[in-house]
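Keep in mind that what you see is a predicted model, and the values were worked out from it rather than measured. Within every chain, numbering begins at 1; the chains are lettered A, B, ... in the order of the sequence lines, protein sequences first and strands thereafter.
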Protein chains: 2
Amino acid sequence: MTGSILVVGIGPGDTTHMTPAAQEAITGADLIVGYKTYLKLIAHLVSDTPRESSGMRQEVDRVARVIALAQTGKRVALISGGDAGVYGLAGLVYTMLRADPESPAVDVEVIPGISALNAAAALLGAPLMTDFAAISLSDQLVPREDIMHRLERATEADFVLCLYNPKSRQRTEPFELACAVMLRHRAPDTPVGIVRAAYRERQQVTLTTLAALPDAAIDMVTLVIVGNSETFIHDERMVTPRGYANKYDLGAKHAGPRD
Amino acid sequence: MTGSILVVGIGPGDTTHMTPAAQEAITGADLIVGYKTYLKLIAHLVSDTPRESSGMRQEVDRVARVIALAQTGKRVALISGGDAGVYGLAGLVYTMLRADPESPAVDVEVIPGISALNAAAALLGAPLMTDFAAISLSDQLVPREDIMHRLERATEADFVLCLYNPKSRQRTEPFELACAVMLRHRAPDTPVGIVRAAYRERQQVTLTTLAALPDAAIDMVTLVIVGNSETFIHDERMVTPRGYANKYDLGAKHAGPRD
């Protein structure tokens with residue numbers, strides 16, 4: 001029997017924001033593999049299913065192990081926080097299978113999840129009503145200059161910015177550089193939303209400005225959303241209107257056309 | 001009693017990719033309002049709950065109606081396809097409440113959903129392992145020049161591109177312009193994934209190239225993902241490796257550091 005790998009995005013962490021497809025993939029698996037924090041978040045869904053955890057910096061080992069297990073005919077769930085398809089492990093699974101074409105075939109399916117940007121946006125208000133860019137500030141696998149170049153272009157072009165992996169205890173410099181890049185092209189009072197541990201026990205939602213962002217409390221379980229030139233804060237919500245929407249006569253009976 | 005508006009992202013459409021939080025918001029509502037296609041997709045979840053549909057181009061009317069109903073004390077679910085927080089109606093709700101500060105207060109909560117980019121990425125393989133930009137090609141509310149400017153900057157900076165609302169029957173020109181812009185800065189053989197009606201009955205997943213994109217079958221229920229300079233297609237999956245990941249010795253016991 002051909003084994004299979006289900007690459008499962010568990011969403012922000014609580015079961016209410018985990019899709020039924022993700023829950024079924026987890027409960028139906030022969031074995032569940034993932035970083036230990038994520039295994040804790042799904043522990044209540046399964047009782048007897050064997051689980052294997054690995055550390056945060058051992059992705060290649062973890063995926064190699066998952067592939068080897070699937071090749072014995074098992075149905076293995078590889079779980080990721082958020083969406084496994086957004087900065088998750090789905091790419092490494094495919095890349096490693098491609099690198100070893102002689103090994104036994106396995107089926108791979110990605111189960112999408114609520115990514116950090118979806119969760120953060122919902123908690124902040126409605127910052128993503130218009131074009132946005134997702135940028136990871138981790139320079140472990142991508143050259144820092146490439147990150148800053150992308151960030152600068154996206155800032156100039158007035159994208160709303162979703163910053164993944166903004167800062168870790170050891171890695172603070174890219175975040176400082178990023179703040180400087182954004183401040184060169186965007187007003188200091190640009191609204192910024194900071195969401196830590198979305199939909200988990202220690203959730204923190206903070207509204208601030210681009211000028212104050214360098215001093216904000218930020219870590220690896222934080223997503224930062226930087227507004228564009230039209231983003232406003234009203235009644236403690238961060239909102240980016242959709243283009244001309246703010247120019248509508250909102251009391252009028254009929255809106256302009258849209259498709 | 002203060003009424004409430006739950007702005008609910010129902011995901012791609014099938015219940016297996018709709019979060020329990022979204023399903024609870026729908027089943028617990030006094031009234032459900034939405035575009036008729038979305039109401040059909042959730043009809044099996046509710047039996048007696050009153051539902052009100054409106055056409056695709058009547059967002060302002062629909063949201064005004066939802067606010068008026070919530071102000072009578074009702075709990076109203078306003079449903080959107082995908083994620084209500086990504087090009088959805090959440091922004092219009094907040095914008096209209098802000099425009100009328102004298103009217104009775106209502107509570108607003110956004111329930112995040114699987115957006116089109118999450119669904120399409122999962123079905124295509126793993127195209128979003130690195131930085132990406134979401135761009136809507138609809139020029140009904142945003143000037144066409146702004147869209148093309150953003151697209152050009154994002155293309156130059158090697159973002160993976162997620163194109164929302166790529167084309168409608170009446171609106172074909174922005175798509176043609178967009179293809180020309182992308183072809184100026186990216187190789188003709190760049191992999192492109194086209195996902196129509198993700199996770200619905202008539203789902204279509206197509207892999208093609210940037211050169212062939214102008215002639216592809218595209219409509220309003222389609223999401224287009226254009227790869228970056230590193231995206232590859234292998235075994236019918238579209239994959240963007242994460243930065244240096246493709247330079248790893250993937251057979252080695254230990255991966256490089258990551259945080």
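With chain B as the partner, the residue from A:Pro101, A:Gly11, A:Ala84, A:Gly125 showing the most heavy-atom pairs under 4.5 Å is A:Gly125. Considering only heavy-atom pairs separated by less than 4.5 Å from chain B, the leading option among A:Pro20, A:Ala90, A:Gly91 is A:Pro20. Contact count against chain A (heavy-atom pairs under 4.5 Å) is highest for B:His234 among B:Glu24, B:Met18, B:His234. Among B:Ala133, B:Gly113, B:Ala119, B:Ala134, the residue making the largest number of heavy-atom pairs under 4.5 Å with chain A is B:Ala134. Options A:Val110, A:Asp131, A:Thr240 differ in how many heavy-atom pairs under 4.5 Å they form with chain B, and the most are formed by A:Asp131. No other option in B:Pro127, B:Cys162, B:Gly9, B:Gly88 has as many heavy-atom pairs under 4.5 Å with chain A as B:Gly88. Options B:Thr16, B:Leu128, B:Ile147 differ in how many heavy-atom pairs under 4.5 Å they form with chain A, and the most are formed by B:Thr16. With chain A as the partner, the residue from B:Val93, B:Val239, B:Ile135 showing the most heavy-atom pairs under 4.5 Å is B:Ile135. The greatest number of non-hydrogen atom pairs below 4.5 Å with chain A, out of B:Asp235, B:Val7, B:Asp158, is found for B:Asp158.
Closest heavy-atom contact between A:Ile225 and A:Ala120: CD1-CB, 4.1 Å. The shortest non-hydrogen separation linking A:Arg150 to B:Asn228 is NH2-ND2, 4.0 Å.
Note that OG1 of B:Thr37 and CD1 of B:Ile10 are 9.5 Å apart. Values are rounded to the nearest 0.5 Å. Distance check, rounded to the nearest 0.5 Å: OG1 of B:Thr172 to CG of B:Leu137 gives 11.5 Å. In this structure, CG in B:Leu163 is found 6.5 Å from CG in B:Leu151, a value given to the nearest 0.5 Å.
Contact of B:His17 with chain A is made through backbone and side chain together, with heavy-atom distances under 4.5 Å. With a 4.5 angstrom heavy-atom cutoff, B:Gln23 touches chain A only via side-chain atoms. Contacts between B:Asp83 and chain A at a heavy-atom distance below 4.5 Å involve the side chain alone, from C-beta outward. A:Arg237 touches chain B through its side chain: at least one heavy atom from C-beta onward sits under 4.5 Å away, while N, CA, C and O do not. Interface remark: B:Tyr164 contributes no atoms to any contact with chain A (heavy atom separation under 4.5 Å). No part of B:Asp146 comes within reach of chain A, as not one of its non-hydrogen atoms sits under 4.5 angstrom from that chain. For A:Leu123, no part lies under 4.5 angstrom from a heavy atom of chain B. A:Val86 touches chain B through backbone and side chain together, each having a heavy atom under 4.5 Å away. Looking at B:Leu124, there are no atoms closer than 4.5 Å to chain A (heavy atoms on both sides), in backbone or side chain.
With no hydrogens or angles considered, no side-chain donor-acceptor pair links B:Ser138 and A:Arg242 at under 3.5 Å. Donor-acceptor pairing under 3.5 Å is lacking for the side chains of A:Asn118 and A:Ser115. A donor atom on one side chain and an acceptor atom on the other are found under 3.5 Å apart for B:Ser136 and B:Asn165.
In this structure, the side chains of B:His149 and B:Arg153 come closer than 4.5 Å at one or more pairs of heavy atoms. Between A:Thr19 and A:Pro112, the closest side-chain pair of non-hydrogen atoms is not below 4.5 Å.
Checking side-chain atoms of B:Glu152 against main-chain N and O of B:Met148 turns up no donor-acceptor pair under 3.5 Å.
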